[in-house]
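The structure appears right after this line, and notes come after that.
Worth knowing before you read on, the calculation uses all heavy atoms, side chains too, and leaves out hydrogens, waters and symmetry mates. Just so we're clear, the structure is a prediction, and the values are computed from it rather than from any experiment. Numbering of ligands and ligand atoms starts at 1, following listing order. By convention here, the first residue in the shown sequence is residue 1.
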Amino acid sequence: MASTTLRPPATSPVTREHRGSVLVVTVDNAPVNALSADVRRGLADAIEAAQADSAVAAVLLVGAGRTFIAGADIREFGKPPELPSLPDVCNRIEASAKPVVATIHGTALGGGLEIALAAHYRIAVPSAKLGLPEVSLGLIPGAGGTQRTPRLVGVAAALDLMLSGRPVDASQALALGLIDRLGQSEDALGEGLAYALALLAEGALPRRTRDARAALADRDAQRAALDAARKDVTTKQRGLFSPGKIVDAVEASLEQPFDKGLRLERELFLQCIDSPQRAGLIHAFFAEREVLKAPETRAAKPRAIASAGIVGGGTMGAGIAVAMLDAGLQVTMVERDEASLERGRANVAKVYDALVAKGRMSADARAQVLSRFGGSTDYAAFAQTDLVVEAVFEDMAVKKAVFAELDRVCKRGAVLATNTSYLDIDEIAASVSRPGDVLGLHFFSPANIMKLLEIVVPAQVSADVVATGFELAKKCAKVPVRAGVCDGFIGNRILAVYRQAADHMMEDGASPYQIDRALREFGFPMGPFQVSDLAGGDIGWATRKRRAATRDPRVRYVQIADRLCERGWFGQKTGRGYYLYPAGARTGSEDPQVLAIVDAERRRAGITPRSFDDEEIVRRYMAAMINEGANVVHQRIALRPLDVDVVFLSGYGFPRHRGGPMKYADMVGLPEVLADIRKFAKEDPLFWQPSPLLVELVGRGADFDSLNKS
Ligand code: 3H9
């Protein structure tokens, strides 16, 4: 077959090559072939060239490198639009007088899938994935996806793709009718060419998705699917902007002519682009990728890890063991005696038993995973282990004793990690002969579920050990965030402050139930008092008692939590805390006795309660969070504001569509946040000290995001 390559213009990321009568149009825009303005221009030019070229009988669209096309170029959103627009490019593809075939490998996501849907025929290699994930960016498919997808697969399947954002694999896509053919091999170009030639041999003509009818034929079924989705969206996706718009746009595919549907889609897409939720969600997308780029991950290569050790088989240790097992590692647990080891083993097995019971894992798979898990009461079992995490009682002497053992038995080059939540890791590191190997790996409970992993970097640690922490996070599918050493690192240090703000409001007149409600309305899955009840009040109580002697007497101290703990009301596990949990209920009910205790404490403290509205509750809570977040950045505990955002998004239930506390602050406006703090400081200047970083940024008219770019 004759082959000539044209590359117009010289730097275009879209190339054209004649393969016989097929014009192969390749998108080559690493890493994911996002549809930047240049790509859009290149595609439009290629389609135009194909029409004019009598040697071309069909066009084949293919992606270079690891993927077809991952969607619109997200970095362009919010910038002045450049022509041609993506909807226009899709329309031009669809209008081609010569058949256009898309051959898909890797992922066809968002605008990438929309390009394929605008093509006349689609083939995918077996490992390909296809999806419309715009909803996770606060968007709707905006290049015809809301109109073409239902015409191919029906309303129910189309809405499922768009509202879940989950991709389907190639065989599901074939079953749905999203593609026409499943390739036999992974060679997208070869499969695509063969398909295009077969189509030409059959005399196939352009077959436009806009004209497809069959999938929408049963109108009653389509209507019912639409109504069900609308109901779902109003209840389950409450507070989110784009899901409702998706339903509106898909409704148009059912009720309106194609071009009218496209116009509505465009209008709704632009509304989403302008929404703060889009800004928050796209910030979250990039922030989660930026956190991976710590100085140490750029400077050093991780050490190899095939095996991991865990000291301690309690809830935390067992959760970490499961996370490591799920990552495919060989895992050894060490406990102080047989009984504790047995308990640790049972804690690990329990997780897999539950999966088997729910039908989410086969008994065989469970046995296979557990065959990689061993235990011992002797530290010598760690002699050949690549990385050990201790998860024992939070006490410096106990931790140092564990590290002395690790120092004694572990091979040279092993990473020695502590899961401490607040102890001084520099002190732990200084107690061993190899401080360069000591790192903090702060998992969150339940450690096998929670995504966040704070990689805590003590002063003497070597860069490759830090890089190993990030590599481990990747293996365990965690979101790693680099944190400096301080009491509470990033997350718990900030939590301690806004939690106090919530206590202050409770003592000043807001009920814990109102506070929780206001914060749920804001978007948190739970309010702070529900979280206390879930975590168990006893842990915080023990810490408060330990610190009582060193507490600054000038600092306001709310005793309500202590009054509950003195009664043994530790939360869900004891059946009552701030809420009542009759007969093991997971959702609590309000407790008049708690309100009476709160009242009594207000009297004891000499406070005349006042009322708060929900907005003030949110403002104070957020101001406390943002201010301490700024301190954490200022002191380089977090590298950038976005690191604080990712900690809260992945570890503290911060609503993703608000982007994280620092992004939220930028969106509210830093001068407003600072003005709030200064106003609140009139009542309690010790608690509400504006962070120097916040003051500085406001002073020079900058925002937190400006620090993310450094
Ligand atoms: C859309 O299409 C709207 C249309 O309906 C309508 C328009 C009118 N743009 O994730 P990775 C970067 S909305 C720009 O680490 P992986 C990413 O930041 C879009 N950049 O790789 C990273 O950069 P860096 C709908 C993008 O292999 C690098 O590529 N599409 C984009 O783990 C590698 O990414 C989506 O929502 C983009 N679209 O995963 C898909 N995508 O190296 C979003 C990625 O500098 N993308 N980058 O940090 C993904 O889900 C994953 O990136 C993907 C690859 C699964 C493709």
Q) Which residue holds the protein heavy atom closest to atom 26 (C) of ligand 1, what is that atom called, and what is the gap in Å? A) Val32 CG2, 3.9 Å

**Q.** Arg289 to Phe285, cation-pi by 6.0 Å centre distance and 45° axis angle
**A.** yes

(Q) How close do Met667 and Arg658 get, counting heavy atoms only, and between which atoms? (A) CE-O, 3.7 Å

Q: Among all protein heavy atoms, pick out the one at the shortest distance from atom 12 (C) of ligand 1; state its residue, atom name and that distance to 0.1 Å.
A: Arg75 NH2, 4.2 Å

**Q.** Protein contact of atom 38 (N) of ligand 1 - nearest heavy atom, named by residue and atom, plus distance
**A.** Ala72 O, 2.8 Å

Q: Compute the centroid of each ring, for Phe522 and then for Tyr664, and state whether the two points are separated by less than 6.0 Å.
A: yes

Q. Identify the closest protein heavy atom to atom 29 (O) of ligand 1: which residue and atom is it, and at what distance?
A. Pro31 CG, 3.3 Å

(Q) To check you understand the geometry: which heavy-atom pair defines the closest contact between Leu117 and Arg122, and what is its length? (A) O-NH1, 3.4 Å

Q.
Among Asp326, Val369, Leu325, Ile320, exactly one meets side-chain contact (heavy atoms from CB on, under 4.5 Å) together with Val331. Which residue is that?
A. Leu325

Q) In ligand 1, which numbered atoms sit nearer than 4.0 Å to a non-hydrogen atom of Leu137? A) 13 (S), 19 (C), 36 (O)

Q) Quick one: nearest non-hydrogen protein atom to atom 4 (C) of ligand 1, plus distance? A) Glu114 OE1, 3.3 Å

(Q) Could you report the tightest heavy-atom contact between Ala170 and Val125, atom names first, then the distance? (A) CB-O, 3.3 Å

Q. Is the closest heavy atom of Lys293 to ligand 1 under 4.0 Å?
A. yes

Q: Go through ligand 1 atom by atom and flag the ones less than 4.0 Å from a non-hydrogen atom of Gly71.
A: 2 (O)

Q: Using a 4.5 Å cut-off on heavy atoms from C-beta on, say whether the side chain of Leu159 contacts that of Leu226.
A: yes

Q) Nearest protein heavy atom to atom 51 (C) of ligand 1, by residue and atom, and its distance? A) Arg289 NH2, 4.0 Å

Q: Flag Phe285 as yes when one of its N or O atoms lies below 3.5 Å from any N or O atom of ligand 1, and as no otherwise.
A: no

Q) Counting both backbone and side chain atoms, is some N or O of Ile74 under 3.5 Å from an N or O of ligand 1? A) yes

(Q) Heavy-atom pairs closer than 4.0 Å: do any link ligand 1 to the side chain of Leu35, the backbone, both, or neither? (A) neither

Q) Minimum heavy-atom separation for Leu439 to Gly469, with atom names? A) CD2-CA, 4.1 Å

**Q.** atom 30 (N) of ligand 1 - nearest protein heavy atom and its distance
**A.** Ala70 O, 2.8 Å

Q | Close side-chain approach of Met450 to Phe443, heavy-atom, < 4.5 Å | A | no

Q. Relative to atom 50 (O) of ligand 1, which among Leu113, Asn33, Leu292, Leu109 owns the nearest non-hydrogen atom?
A. Leu109

Q) Is there side-chain contact between Pro480 and Ile455, with at least one heavy-atom pair below 4.5 Å? A) yes

Q. Any idea which atoms of ligand 1 are less than 4.0 Å away from a heavy-atom of Glu134?
A. 1 (C), 2 (O), 3 (C), 4 (C), 5 (O), 13 (S)

Q | Nearest non-hydrogen partners of Ser36 and Asp73, listed with the distance | A | CB-OD2, 3.7 Å

Q) Where's the contact between Ala34 and ligand 1, heavy-atom distance under 4.0 Å: side chain, backbone, both or neither? A) side chain

Q.
Show the atoms of ligand 1 that are less than 4.0 angstrom away from any heavy atom in Pro141.
A. 5 (O)

**Q.** Enumerated ligand 1 atoms positioned under 4.0 Å from heavy atoms of Phe269
**A.** 6 (C), 7 (C), 8 (C)

Q: Inspect the surroundings of CD in Gln184 and state if more than 12 heavy atoms from other residues, nucleotides or ligands are less than 6.0 Å away.
A: no

Q. With atoms numbered from 1 as shown, which atoms in ligand 1 lie under 4.0 angstrom from a non-hydrogen atom of Phe286?
A. 18 (O)

Q: Taking side-chain contact (heavy atoms from CB on, under 4.5 Å) as the test, write out the residues that go with Leu268, two or more places apart.
A: Ile140, Lys245, Asp248, Ala249, Leu264, Gln271

Q) Who gets closest to atom 2 (O) of ligand 1 by heavy atom: Cys272, Pro167, Gly138, Gly111? A) Gly111

Q) In terms of residue, atom name and distance, what is the protein heavy atom nearest to atom 21 (O) of ligand 1? A) Arg66 NH1, 3.8 Å

Q) In ligand 1, which numbered atoms sit nearer than 4.0 Å to a non-hydrogen atom of Asp73? A) 9 (N), 14 (C)

Q.
Is atom 53 (C) of ligand 1 touching the protein, meaning some protein heavy atom lies under 4.0 Å away?
A. no

**Q.** Qualifying residue, where the test is salt bridge (Lys or Arg N to Asp or Glu O under 4.0 Å) with Asp227 and the options are Arg223, Arg230, Lys231
**A.** Arg223

